[in-house]
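Reminder, nothing fancy here: chain letters follow the sequence lines and each chain counts from 1. Source: prediction; values computed, not measured.
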Protein chains: 2
Amino acid sequence: MAKYKNVADELRKQIKQGNYPKGGQLPNQNELAEKFDTSRVTIKKALDLLSVEGLVFSVQGSGTYIKKNIAQISDTGIKIGQNIGLTHQIGEQTELVNKVLAFNVRFPSDEECEQLMIKNESPVYEIKRLRVINNRPYSIEYSLLPVELVPNITPAILEHSVYDYIRQDVGLVFGGNQQFIKAAPPNEEDRQYLNCKDNEPVLEVTKVMFLENGRPFEYSKVRHRYDMVEMCFNNTQQE
Amino acid sequence: MAKYKNVADELRKQIKQGNYPKGGQLPNQNELAEKFDTSRVTIKKALDLLSVEGLVFSVQGSGTYIKKNIAQISDTGIKIGQNIGLTHQIGEQTELVNKVLAFNVRFPSDEECEQLMIKNESPVYEIKRLRVINNRPYSIEYSLLPVELVPNITPAILEHSVYDYIRQDVGLVFGGNQQFIKAAPPNEEDRQYLNCKDNEPVLEVTKVMFLENGRPFEYSKVRHRYDMVEMCFNNTQQE
DNA sequence: TAGTGGTCTAGACCACCCT
DNA sequence: GGGTGGTCTAGACCACTAA
């Protein structure tokens with residue numbers, strides 16, 4: 001583990017524990033560098049991480065401060081960008097059931113080829129799952145995975161966590177992802193599986209997941225019941 | 001302007017011009033450092049920027065490559081996190097009209113105080129605007145701005161761009177923002193102003209905008225017609 | 001003016017990929 | 001084993017803030 005990540009972890013822990021008062025100032029970068037026995041550049045990199053996470057902000061010439069409204073950010077909604085999979089994203093007392101509605105293999109369409117950067121002849125798994133949380137329908141997920149990248153998927157895997165399987169068993173390392181989010185009126189399947197009434201919309205999230213090496217390994221569309229999910233996003237300094 | 005931003009700008013321009021083939025490899029960091037007459041660390045920082053933007057990705061031990069599906073990312077939808085304001089986010093041939101539906105001053109509620117980090121006695125502007133693009137209703141925006149931070153707002157400003165006013169006339173510098181996104185059934189105002197039918201939902205975006213010094217200067221809720229907007233988001237390496 | 005964060009450099013070592 | 005990116009250091013200079 002890189003040193004700057006360790007420093008960030010430690011500072012994050014201390015901040016969340018309340019060792020520094022909310023709205024308060026952190027020690028300056030030189031002090032932190034000494035305290036963590038490292039260089040100032042490394043401290044800066046750690047602080048940049050925390051800044052992206054929305055925990056602190058820095059003002060040139062003044063100092064680095066702890067944001068006042070931290071609690072709400074980390075507790076509400078689902079963080080955009082986290083690719084740990086829904087299985088690990090929900091709380092402790094909640095019960096998540098993945099019901100497999102469809103599981104096939106087929107050749108991809110032209111659009112799917114482009115998104116997944118594969119050839120037309122390269123087969124993909126086509127998966128449709130219903131997510132149920134505490135006995136309430138939560139979302140329908142339509143996902144495509146190239147067989148050559150993620151082989152040997154089974155219904156048992158689908159009922160647990162695909163991402164766990166990909167990481168732990170296939171041994172792939174995740175990179176970034178792209179997401180497109182919009183609202184949509186309910187369609188037939190939303191009404192059937194999510195119990196949407198005519199005026200109850202869904203939040204549709206289209207996502208392409210990438211490996212560390214830049215190859216896409218999943219192209220998915222998830223339709224959430226509007227009252228079960230809120231996506232949250234934290235954006236840092238621009239120019 | 002920082003050197004690493006200049007390097008990023010230059011590389012971005014070259015990539016978008018197609019000087020490097022899509023899916024191709026960039027020169028290695030040492031070559032780039034020499035070419036731009038700078039250090040490798042600075043090159044790395046520039047490449048990190050482009051990586052966050054989704055233009056390139058790096059593989060340790062192998063090289064830095066140009067992403068294949070760039071066009072779609074930059075052209076579709078509205079980028080989450082850009083705080084340039086809608087006025088500058090839409091294209092050239094489009095006509096944006098801001099119709100002011102309400103413009104008041106009042107004291108904030110407790111929740112609003114917390115979001116804006118101000119006191120109950122500190123007045124806020126309360127603004128309701130309808131956005132119309134090419135004669136089609138686009139979104140309703142409800143926003144609150146502390147009078148002490150952003151004084152002297154006028155209807156004329158509201159019809160143009162509030163963000164332009166804040167930056168150019170008030171002279172404040174923007175920092176980051178937090179956004180919460182969900183789908184919602186249409187309410188009375190959505191039906192009235194956005195012409196939503198009963199089954200036509202809205203995409204609701206709640207946003208807190210921060211200044212460079214960490215102070216919030218705007219708390220807003222925007223309800224978009226579901227068929228007029230898609231938010232897109234690009235997320236990079238985790239772990 | 002003193003203190004702080006932002007940036008930059010040159011050089012170094014390591015982990016990883018590919019052949 | 002040679003090439004690549006990831007990280008780290010010590011020291012430096014600058015821009016900005018705050019008194």
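Side-chain atoms of B:Thr64 and B:Ser58 include a donor-acceptor pair closer than 3.5 Å. Between the side chains of B:Glu218 and B:Tyr163, a donor-acceptor pair is found at a separation under 3.5 Å.
When rounded to the nearest whole Å, the span between CZ of A:Arg40 and P of D:dT9 equals 13 Å. To the nearest angstrom, P of C:dA10 lies 8 Å from CG of B:Asp37. Computed from coordinates, the A:Met1 CE to D:dT7 P distance equals 12 Å when rounded to whole Å. At whole-Å resolution of the value, NZ in B:Lys44 and P in C:dC8 are 14 Å apart. Atom P of nucleotide D:dA18 and atom CG of A:Asn28 are separated by 15 Å, given to the nearest angstrom. Look at CG on B:Leu50: it is 15 Å from C1' on D:dG5, rounded to the nearest Å. In this structure, the CG atom of A:Leu172 is 16 Å from the P atom of C:dC16, given to the nearest Å. We find that CZ of A:Arg215 is positioned 15 Å from P of C:dC17, with the value rounded to whole Å.
Side-chain N/O atoms of A:Ser62 include none lying less than 4.0 angstrom from OP1 or OP2 on D:dT17. Residue B:Gln29 places at least one side-chain N or O under 4.0 Å from the OP1 or OP2 atom of D:dG6. Distances shorter than 4.0 Å separate some side-chain N or O of A:Lys3 from OP1 or OP2 on D:dT9. Close to D:dG6, at under 4.0 Å from its OP1 or OP2, lies no side-chain N or O of A:Lys5. Residue A:Tyr4 places no side-chain N or O under 4.0 Å from the OP1 or OP2 atom of D:dC8. Between A:Thr64 and C:dG5 there is a side-chain polar atom (N or O) within less than 4.0 angstrom of OP1 or OP2.
Remark: the backbone N or O of B:Leu158 is paired with a side-chain donor or acceptor of B:Arg129 at under 3.5 angstrom. Between the A:Tyr165 side chain and the A:His160 main chain, no donor and acceptor come within less than 3.5 Å of each other.
Candidate nucleotides C:dT4, C:dC8, C:dT9 were compared by shortest atom distance to the side chain of B:Thr38, and C:dT9 ranks first. The side chain of A:Gln60 sits closest to C:dG6 out of C:dG6, C:dC8, D:dC8. Taking every side-chain heavy atom of B:Val41 into account, C:dT9 is the closest of D:dG5, C:dT9, C:dG6. When each of C:dC8, D:dT17, D:dT7 is scored by its nearest atom to the side-chain atoms of A:Val59, the top-ranked nucleotide is D:dT17.
Comparing B:Gly61 and A:Tyr65 by the nucleotide of DNA chain D whose heavy atom lies nearest to each, the residue mapping closer to the 5' end is B:Gly61.
Sorted by first and then second residue, the ring pair (Phe, Tyr, Trp, His ring centres under 6.0 Å) pairs involving residues 2-38 of chain A (not counting sequence neighbours) form an empty list.
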